[in-house]
Protein chains: 2
Amino acid sequence: MATVSRVVNNNPNVKPQTRKKVYEAIERLGYRPNAVARGLASKKTTTVGVVIPDISNSIFAEIARGIEDIANMYHYNIILCNADKRKEKEIRVINTLLEKQVDGLLFMGGTVTDEHILAFQTSSVPIVLCATSDEKGAYPSVDIDHEAAAFDAVNTLIRHGHREIAMISGTLQDPANGYARFHGYKKALEAAGIEYQEDLVRIGNYRYESGVEAMKYFLGLKKKPTAVFAATDEMAIGAIHSIQDEGLKVPDDFSVISVDNIRMASMVRPLLTTVAQPMYDLGAVAMRLLTKLMKKETVENPRVILPHETILRLSVNHLNE
Amino acid sequence: MATVSRVVNNNPNVKPQTRKKVYEAIERLGYRPNAVARGLASKKTTTVGVVIPDISNSIFAEIARGIEDIANMYHYNIILCNADKRKEKEIRVINTLLEKQVDGLLFMGGTVTDEHILAFQTSSVPIVLCATSDEKGAYPSVDIDHEAAAFDAVNTLIRHGHREIAMISGTLQDPANGYARFHGYKKALEAAGIEYQEDLVRIGNYRYESGVEAMKYFLGLKKKPTAVFAATDEMAIGAIHSIQDEGLKVPDDFSVISVDNIRMASMVRPLLTTVAQPMYDLGAVAMRLLTKLMKKETVENPRVILPHETILRLSVNHLNE
DNA sequence: GCGCTACATCGTAAATGGTTACCGTCAAAT
DNA sequence: ATTTGACGGTAACCATTTACGATGTAGCGC
């Protein structure tokens, strides 16, 4: 028994000849190791839990792909749970994942509240936050600097001569895509000495339709902006179509910029100028970090901020050109 | 011990008073049931394996969402494995999933070859194919009728007066999105007495760019088609933009139709006319079927074909209108 | 009131399929 | 002959489930 265990686990302490015999028997009997029994005995399952808001959202799907690729590389499997950013569902899946004895946990979600922390604390396995972070910074995380990304986006608008800049924001309750990006907008305005005007920002829900709606509102203003910054690409694309549906042109009549760089950004006309967030890498780096933690390697910086990059395409113009 | 097991599993054979004491102890000790040990003893893991070509592909992501929702409803978790339609990776993940003692397997992939069948046969748990099916029809599956969907798409073009209809196909090696849809195209042509012309079909790789390329080719033909059928929405959108980039109009100069109905289809101008495939439902129904199989319920029809529906939007016009 | 039966409740121990610490054996080297 | 190291076997252990048996108690007939 022990010998079989050794050959299956590639333990060197077994004579090649015996090893061969074991392999033959395995073949002959159609033996398949039972990972559950192995997990019980070894206290390792080589699976990690991933809680994700919504796998059908292309951003998270891309992150998930990064996670899975790296997990696979290190011979982990992942258990995927959608939680829709609903707190009580998040807590629930965290607990079932922990019951399943995952070797580590990757958490993606909007906000991490005190209740989340409480759930995390009952865990004996490492946890890393992906595309979020906790207030206190107590947990390892990987994310981008949303505020800086938004700042850069608005700033490129400003550098193109725009001063009447509207924003289609997410809800301010959302710390990353909402609050932080909105604050980046405000700061960029402030840094350029432009006064913040409340009626130049609308709150959307990140979806295409809400971008269309918000833009309709701006189009109806007596004093129209010359450019709009959308918190996400999808809303930006909605805004572009809203503009075009009125017979106006992007970027001639309005410049549009946003943050994300989803694939669709290069599948619209005009090609969307946006600040890219490295989605695949967010997942990949988070998973890599988790593997280190699971191996109890010491990691220098457990809170990593990945760089963003503004991608100049065709939806932004110099004003009066 | 047995009593604790009983209360944790809601077995009625335990005095309410004892039950309460157990709950108290659980609370006090912070006890969390170990699902791995439970799995070993009960031979059930309440997790199912899902092999998927690519989770970052929006179609599969949507299917996956359907799978996960239903799985969750029946208290299963899912282990997600990307296999990129690469046979040897598919076989590999099937085996590791089986080692992990999943209670069932959901397989999505391009082709199911004899080697797949061989791997399936070693399984003691039910397997259902989703968005594919095997030649012999030996395994439960849920899919749409790709050929009929393509037929309907081409037929609506024909009913709009078009007779010079190009196709942007997928590779003919791919049984569903490739071969079947191509054959639907041919049959629709044939049924309308239109001669099939080889230089009116181009093979793409399902991606936007290949749609752009293929359309460029058609645009360069001396005798241009008046309409194009793309095997997938993404290629259709590429085609639309290719047309627009030449200063031509959809649908005035060219009609465009395809199959899929991804979200992006209603996020382009003009809104894409397409034959909708119920992606979420494909996943949901497949998972529901699997739950029945896992419970050893007898199922009337293990090979389900979900209906498709052609969605008339704005990318198709009557010819000479 | 007694004895018996039946049932509810609970505990015991085997089983699940591995890993691994520990020990014994054997052959080669010193 | 003794030491050493490679190799293989034994058995404890992992945290549950579950078959089975033990215990206690209530109901019933007499």
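In what follows, chains are A, B, ... by sequence order, proteins preceding strands, each numbered from 1.
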Engineer: Tell me the interatomic distance from N34(B), atom CG, to dC13(D), atom C1', rounded to whole angstroms.
Structural biologist: 13 Å
Engineer: When the nearest nucleotide of DNA chain C is assigned to V4(A) and to A2(B) on a heavy-atom basis, which residue is associated with the more 5' position?
Structural biologist: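 Result: A2(B).
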Engineer: Are any of N9(A)'s side-chain N or O atoms less than 4.0 Å away from OP1 or OP2 of dT19(C)?
Structural biologist: yes
Engineer: Could you tell me how far apart K44(A) (NZ) and dG17(C) (P) are, to the nearest whole angstrom?
Structural biologist: 22 Å
Engineer: In whole angstroms, how far is the C1' atom of dA15(C) from the CG atom of L40(B)?
Structural biologist: 9 Å
Engineer: On DNA chain D, compare the nucleotides closest to S42(B) and N13(A); which residue's is nearer the 5' end?
Structural biologist: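 Its nearest nucleotide lies further toward 5', so the answer is N13(A).
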Engineer: Got a second to check how far L97(B)'s CG is from S123(B)'s OG, nearest 0.5 Å?
Structural biologist: 10.0 Å
Engineer: With heavy atoms under 4.0 Å as the rule, sort R32(A) into base, sugar-phosphate or nothing.
Structural biologist: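 Sugar-phosphate: the residue R32(A), judged by heavy atoms under 4.0 Å, touches backbone atoms but no base.
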Engineer: Nearest heavy atom decides the nucleotide; on that basis, is Y31(A) or R19(B) closer to the 5' end of DNA chain C?
Structural biologist: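 Residue closer to the 5' terminus by nearest nucleotide: R19(B).
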Engineer: On a plain distance test, is the side chain of R6(B) in donor-acceptor contact with the base of dG11(C) below 3.5 Å?
Structural biologist: yes
Engineer: Quick test of your reading of the model: are E88(B) and R86(B) salt-bridged, counting only N-O distances below 4.0 Å?
Structural biologist: yes
Engineer: Counting only side-chain N and O atoms of R38(B), is one of them less than 4.0 Å from OP1 or OP2 of dT17(D)?
Structural biologist: yes
Engineer: With rounding to the nearest 0.5 angstrom, report the CG to CG distance, N57(A) to N82(A).
Structural biologist: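 Answer for the CG-CG pair, N57(A) versus N82(A), is 10.5 Å.
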Engineer: NZ of K21(B) versus C1' of dT9(C): gap in Å, rounded?
Structural biologist: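 Nearest whole value for this atom pair: 12 Å.
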Engineer: When rounded to the nearest 0.5 angstrom, what distance separates SG in C130(A) from CD1 in I63(A)?
Structural biologist: 5.0 Å
Engineer: Which nucleotide wins on minimum distance to the side chain of M1(B), given the candidates dC7(D), dT19(C), dT17(D)?
Structural biologist: dT17(D)
Engineer: So, does K43(B) get its side chain near the phosphate of dG17(C), meaning an N or O under 4.0 Å from OP1 or OP2?
Structural biologist: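 The answer is yes; a side-chain N or O of K43(B) sits under 4.0 Å from OP1 or OP2.
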Engineer: In terms of the nearest nucleotide of DNA chain D, which residue is placed more toward the 5' end: T3(B) or V14(A)?
Structural biologist: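 Going by which nucleotide is closer to the 5' end, it is V14(A).
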Engineer: Rounded to the nearest Å, what distance is computed from the CD atom of residue Q101(B) to the C1' atom of nucleotide dG18(C)?
Structural biologist: 11 Å
Engineer: Between C1' on dG17(C) and NZ on K100(B), what's the gap in Å once rounded to a whole number?
Structural biologist: 16 Å
Engineer: OP1 or OP2 of dT18(D) versus the side-chain N and O atoms of S5(B): is any pair under 4.0 Å?
Structural biologist: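 No, outside the criterion.
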Engineer: Could you state the atom-to-atom distance from CD of E99(A) to P of dC14(D) in whole Å?
Structural biologist: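 One finds 20 Å between P of dC14(D) and CD of E99(A), rounded.
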Engineer: N11(B) has an atom CG; how far is it from atom C1' of dA19(D), in whole Å?
Structural biologist: 13 Å
Engineer: Which heavy atom of R65(A) sits nearest to which heavy atom of S56(B), and what is that distance?
Structural biologist: CB-CB, 4.0 Å
